[in-house]
Amino acid sequence: MSTLIDGKATSARVLAEVAADVGALKARGIEPALAVVLVGDDPASHVYVRNKVLRAGEVGIRSLEYRLPAEASAEEVLEVVAGLNADAAVHGILVQLPLPKHIDEVRVLQAIDPVKDVDGFHSENVGGLSQGRPVLTPCTPAGCMRLLHDTLGDLSGKHAVVVGRSNIVGKPMAALLLAADCSVSVLHSRSVEPEKLCAQADIVVAAVGRPRMIGASWIKPGAVVIDVGINRIEENGRSRLVGDVDFDAALPLVSAITPVPGGVGPMTIAMLMHNTVLAARQQTGQASQEAH
Ligand SMILES: Nc1nc2c(c(=O)[nH]1)N[C@@H](CN(C=O)c1ccc(C(=O)N[C@@H](CCC(=O)O)C(=O)O)cc1)CN2
């Protein structure tokens, strides 16, 4: 029988853990604070930022919002980031992506102090992740790992296939699976016969951004499937969200699968709160032994 991996329930557990950690920090006089920088008027980004601020409030994290117009210059964004880097009362900084096209994303992300980089996108954190150092880890892949550990326990020796090689998901996901002792293959647009490779996987992580691209022929019976895709499509005259995996085709084959929505998505924001607490601990000398 196939299990549905419930990201909403798992994210609620993560948020409850974070709230307890925040309470412990506050008892020592430390109030974790997260600054969110939003540039432009992408409607989805506005929803995500609103949800980040809401979740922060729910777990007791102080949040600060900086909204800049779509025509803001890179220098204006960098000035905001520099101010937040210099503010000792701010422990986490995130710049919501995507940025407007005229702003060099890498330049902005590299300007964030790596110890406050709660998205884990700075090259210092990216490099640390691939070296297995305890750094701040990108939230979506960290959320996928939590779902995988809760589903399978030890991942050691499993063959994991990551479909997609983005900097935000595919590459850090591969690094985390490798750190968990999986054998990892990363498939991308130039891969030859990708479905044949994918059909050998015990674990499939789909992060390509193409609605229902991964069908039944890609899935080994009994595999665990984590669908990172969030694609809005029109179907039967209605707008709806679907993943990168053809859920209905995969369901009878898999041992467990994340739905879209309600799978990986809610984990992203929960792990952001988790990272903010880690960052606050590290900056105030309360660091735990926890890595990613
Ligand atoms: N600075 C960042 N920018 C972006 C990130 C990121 O991690 N850091 N990730 C995405 C957007 N994102 C968070 O920012 C995000 C995406 C999706 C969800 C989510 O909960 N999805 C729900 C469905 C929501 C809906 O109805 O639209 C789900 O899948 O159940 C949360 C956060 C790009 N930018």
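Just so we're clear, the structure is a prediction, and the values are computed from it rather than from any experiment. Read the numbers this way: they start at 1 and go in the same order the structure lists the ligands and their atoms.
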Enquirer: Could you pull out, from L97, V47, V49, the option with a heavy atom nearest to atom 34 (N) of ligand 1?
Expert: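 It is L97 whose heavy atom sits nearest to atom 34 (N) of ligand 1.
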
Enquirer: With backbone taken as N, CA, C and O and side chain as the heavy atoms from C-beta onward, which portion of P266 lies under 4.0 Å from ligand 1: side chain, backbone, both, or neither?
Expert: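 Both the backbone and the side chain of P266 come within reach of ligand 1.
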
Enquirer: Give me the nearest non-hydrogen protein atom to atom 30 (O) of ligand 1 as residue plus atom name, then the distance to 0.1 Å.
Expert: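 Result: G262 N, 2.6 Å.
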
Enquirer: Can you name the atoms of ligand 1, numbered from 1 with element, that are less than 4.0 Å from a heavy atom of L241?
Expert: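 Listed by number with element, the hits are 23 (C), 25 (C), 26 (O), 27 (O).
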
Enquirer: Between R212 and D248, is there a salt bridge with N-O shorter than 4.0 Å?
Expert: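 No salt bridge links D248 with R212.
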
Enquirer: Would you verify that at least one protein heavy atom lies under 4.0 Å from atom 10 (C) of ligand 1, or report that none does?
Expert: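 No, because not a single protein heavy atom sits under 4.0 Å from atom 10 (C) of ligand 1.
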
Enquirer: Hey, are S239 and R232 close enough side-chain-wise for a donor-acceptor pair under 3.5 Å?
Expert: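 S239 and R232 do have a side-chain donor-acceptor pair below 3.5 Å.
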
Enquirer: Are any of the side-chain nitrogens in D181 or K158 under 4.0 Å away from the carboxylate oxygens of its partner?
Expert: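 No, this pair does not count.
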
Enquirer: Identify the protein heavy atom lying closest to atom 8 (N) of ligand 1, giving its residue, its atom name and the separation to 0.1 Å.
Expert: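 Scanning the protein heavy atoms, the shortest distance from atom 8 (N) of ligand 1 goes to D119 OD1, 3.1 Å.
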
Enquirer: Would you mind listing which atoms of ligand 1 come within a distance below 4.0 Å of any non-hydrogen atom of V95?
Expert: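 With V95 as reference, the close atoms of ligand 1 come out as 1 (N).
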
Enquirer: Identify, for atom 4 (C) of ligand 1, the protein heavy atom at the shortest distance, and state residue, atom and that distance.
Expert: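 Heavy-atom neighbour on the protein nearest atom 4 (C) of ligand 1: Q96 NE2, 3.5 Å.
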
Enquirer: Determine whether any heavy atom of C139 lies closer than 4.0 Å to an atom of ligand 1.
Expert: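 No; C139 lies far enough from ligand 1 that no heavy-atom distance drops under 4.0 Å.
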
Enquirer: On a heavy-atom basis, which atom in R165 and which in V186 lie closest, and how many Å separate them?
Expert: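 R165 and V186 have their closest heavy atoms at CB-CG1, 4.1 Å.
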
Enquirer: Counting each atom of ligand 1 from 1 as listed, which ones have a heavy atom of K52 under 4.0 Å away?
Expert: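 Near K52, the atoms of ligand 1 are 8 (N), 13 (C), 14 (O).
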
Enquirer: Between the side chains of R67 and E76, is the shortest nitrogen-to-carboxylate-oxygen separation below 4.0 Å, so that they form an ion pair?
Expert: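 A salt bridge is absent here (no side-chain N lies under 4.0 Å from a carboxylate O).
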
Enquirer: Quick test of your reading of the model: are K52 and E65 salt-bridged, counting only N-O distances below 4.0 Å?
Expert: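 E65 and K52: not salt-bridged.
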
Enquirer: Give the residue, atom name and distance (to 0.1 Å) of the protein heavy atom nearest atom 32 (C) of ligand 1.
Expert: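 Ranked first by proximity to atom 32 (C) of ligand 1 is Y48 CD2, 3.6 Å.
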
Enquirer: Does atom NZ of K196 have more than 12 heavy-atom neighbours from other groups under 6.0 Å away?
Expert: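 Open.
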
Enquirer: I'd like to know whether R107 forms a salt bridge (Lys or Arg N to Asp or Glu O under 4.0 Å) with E105, so could you lay out the CA-CA distance, the side-chain angles of the two residues, the decisive distance to 0.1 Å, and finally the verdict.
Expert: CA-CA 5 Å; R107 189 172 166 218; E105 227 161 68; over 6 Å; no

Enquirer: Against heavy atoms of G265, which atoms of ligand 1 measure under 4.0 Å?
Expert: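 Under 4.0 Å from G265, ligand 1 has these atoms: 18 (C), 19 (C), 20 (O), 21 (N), 28 (C), 29 (O), 31 (C).
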
